[in-house]
Amino acid sequence: MVLRTWERYLLYVLVALAVFLPLIFHFEIWPNVPTNEVLGVYNTIEGLTPGDTIVIAVDYDPSSMPELQPMLRAVLRHAFSKNLYVIGVNLFGPAGTGIGLKAFQDLGREFGKVDGDDYVFLGFKPNLIAVIRGLNDNIGSMYTVDAERRPTADLPIIQRTPKFKGYIKYLVDLAAGETVRPWVAYGSTPGGYPMGAGCTAVSFADYFSFYQSRQINGLMGGLKAAAEYEVLVKHKAVASAGMNSQSLVHALLVLFIIAGNIAFFAALGRKRSQGGGV
């Protein structure tokens, strides 16, 4: 069966509506129920005491922003709402510095936090294994200045937290590449602090073994996990809207397949009844 021109345009319009309507009107197709893997990160942060310090590693670049940026904003929202101190680093590539800094500053302003006191984004450093080891022992030796070129020795948050080992209570690595493994091997394990991770959906299976073995206590995979975290922090945003669009498009594609099969077999039946054979 060959689609006529107007039928093709109708399919394009229906798919476009399925994508854009949930983004515009923010209605929910079905709820994003948090999984145990996502709850592992949320429950750890939820159980911390105001004044504790956590680290968020923004280990991704603009190509992975659609999946990981909503995750970063949701975790930051949770941390700031709990009055935790947050240190941000980026060991994936220079392009991640601007992404991380903007999210920290946006959420910091929203919650009335002071840059350099309540949070800091340290920026990018190459040679991640050496940097991770160095951060466990002395932040100032690895980062003499932060992402805004301020001396770290002058920042109250670094004065309170001179190193990761013995000072931070949790680390979350939001990873587009292979940074979770070195953070586990050279960061959280020798440093003695718990760790969670977030990754793109395609990497979730690769990192699930770390969750199963309890080397990390939580794992967030892709936009779906970001939407689940938004549900937990009671602030549905980009990830929730994106999952609604994705769900509606998937449902529409299933209907297209069903309709196409019905039309095919109906045409086949007519051909047979007319004596045309198969």
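Closest non-hydrogen pair, A226 versus E67, comes out as CB-O, 4.2 Å. In terms of heavy-atom proximity, V180 sits nearest to A175 at CG2-CB, 3.8 Å. Y229 approaches V41 most closely through the heavy-atom pair CE1-CG1, 3.9 Å. Closest heavy-atom contact between A197 and I216: CB-CD1, 4.1 Å. Nearest heavy-atom pair across K163 and N136 is CB-O, 3.4 Å. Counting all heavy atoms, side chain and backbone alike, G116 lies closest to P156 at O-CD, 3.2 Å.
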Self-check item: CA sep, side-chain torsions, deciding dist, call: I139, T152, side-chain contact (heavy atoms from CB on, under 4.5 Å)
Solution: CA-CA 8 Å; I139 296 174; T152 53; 5.5 Å; no
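Among K82, E110, K234, E230, the one residue that satisfies the side-chain contact (heavy atoms from CB on, under 4.5 Å) test with R77 is E110.
The ring-ring contact (aromatic ring centres under 6.0 Å, His included) check on F111 picks up nothing, with sequence neighbours excluded. For R109, the salt bridge (charged side-chain N to carboxylate O under 4.0 Å, His left out) test picks out D106, with sequence neighbours left out. Evaluation of the ring-ring contact (aromatic ring centres under 6.0 Å, His included) rule for F104 yields F121 as partners, not counting sequence neighbours. In terms of the side-chain contact (heavy atoms from CB on, under 4.5 Å) criterion, residue partners of V114 (sequence neighbours excluded) are, by chain and number, D117, D118. Remark: I257 pairs with N261 by the side-chain contact (heavy atoms from CB on, under 4.5 Å) rule, at least two apart or across chains. A search for side-chain contact (heavy atoms from CB on, under 4.5 Å) contacts involving D115 returns Q105, Y119, E148, R150, not counting sequence neighbours. Among residues two or more places apart in sequence or in another chain, the side-chain hydrogen bond (donor to acceptor under 3.5 Å, both in side chains) test is passed with K113 by N83. Every residue two or more places apart in sequence or in another chain that forms a ring-ring contact (aromatic ring centres under 6.0 Å, His included) with F204 is listed here: F208.
The line from CG of L219 to CZ of F210 is 10.5 Å long, rounded to the nearest 0.5 Å. Distance CG/L72 to CG/D59: 11.0 Å, rounded to 0.5 Å. Considering CG of L174 and SG of C199, their distance stands at 9.5 Å, rounded to 0.5 Å. Once rounded to the nearest 0.5 Å, the distance linking CG of L107 with CZ of F80 reads 6.5 Å. Distance check, rounded to the nearest 0.5 Å: OG1 of T144 to CG of L122 gives 10.5 Å. The structure places CD of E228 at 10.0 Å from CG of L223, a figure rounded to the nearest 0.5 Å.
The local environment of CZ in R149 is sparse, with at most 12 non-hydrogen atoms from other residues, nucleotides or ligands closer than 6.0 Å.
If you chain together hydrophobic residues whose side chains sit under 4.5 Å apart, V75 and I99 fall into the same group. If you chain together hydrophobic residues whose side chains sit under 4.5 Å apart, I87 and L101 never meet in one group. Under the 4.5 Å side-chain heavy-atom criterion for Ile, Leu, Val, Met, Phe, Trp and Tyr, Y211 and M71 are members of distinct hydrophobic clusters. Linking Ile, Leu, Val, Met, Phe, Trp and Tyr residues whenever their side-chain heavy atoms come within less than 4.5 Å leaves V172 and I168 in two separate clusters. In this structure, I56 is a member of the same hydrophobic cluster as Y42, with clusters built from ILVMFWY side-chain heavy atoms closer than 4.5 Å.
A donor-acceptor contact shorter than 3.5 Å links the side chain of T44 to the backbone of G40. Distance alone, capped at 3.5 Å, places no donor-acceptor pair between the S188 side chain and the M195 backbone.
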Identify every side-chain donor-acceptor pair in residues 89-96 under 3.5 Å, counting partners at least two apart or on other chains, and give the distances.
from : atom 1 : to  : atom 2 : distance (Å)
N90  : OD1    : F92 : N      : 3.2
N90  : ND2    : G93 : O      : 2.6
N90  : ND2    : T97 : OG1    : 3.2

List the atom pairs, with distances to 0.1 Å, where a side-chain N or O of residues 46-54 and a protein N or O form a donor-acceptor pair under 3.5 Å, not counting sequence neighbours.
from : atom 1 : to   : atom 2 : distance (Å)
E46  : OE1    : H78  : NE2    : 2.7
D52  : OD2    : T49  : N      : 2.9
T53  : OG1    : T161 : OG1    : 3.4

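For residues 168-197, the set of pairs meeting the salt bridge (charged side-chain N to carboxylate O under 4.0 Å, His left out) definition, not counting sequence neighbours, comprises E178-R181. Note on residues 161-198: no pairs pass ring pair (Phe, Tyr, Trp, His ring centres under 6.0 Å), not counting sequence neighbours.
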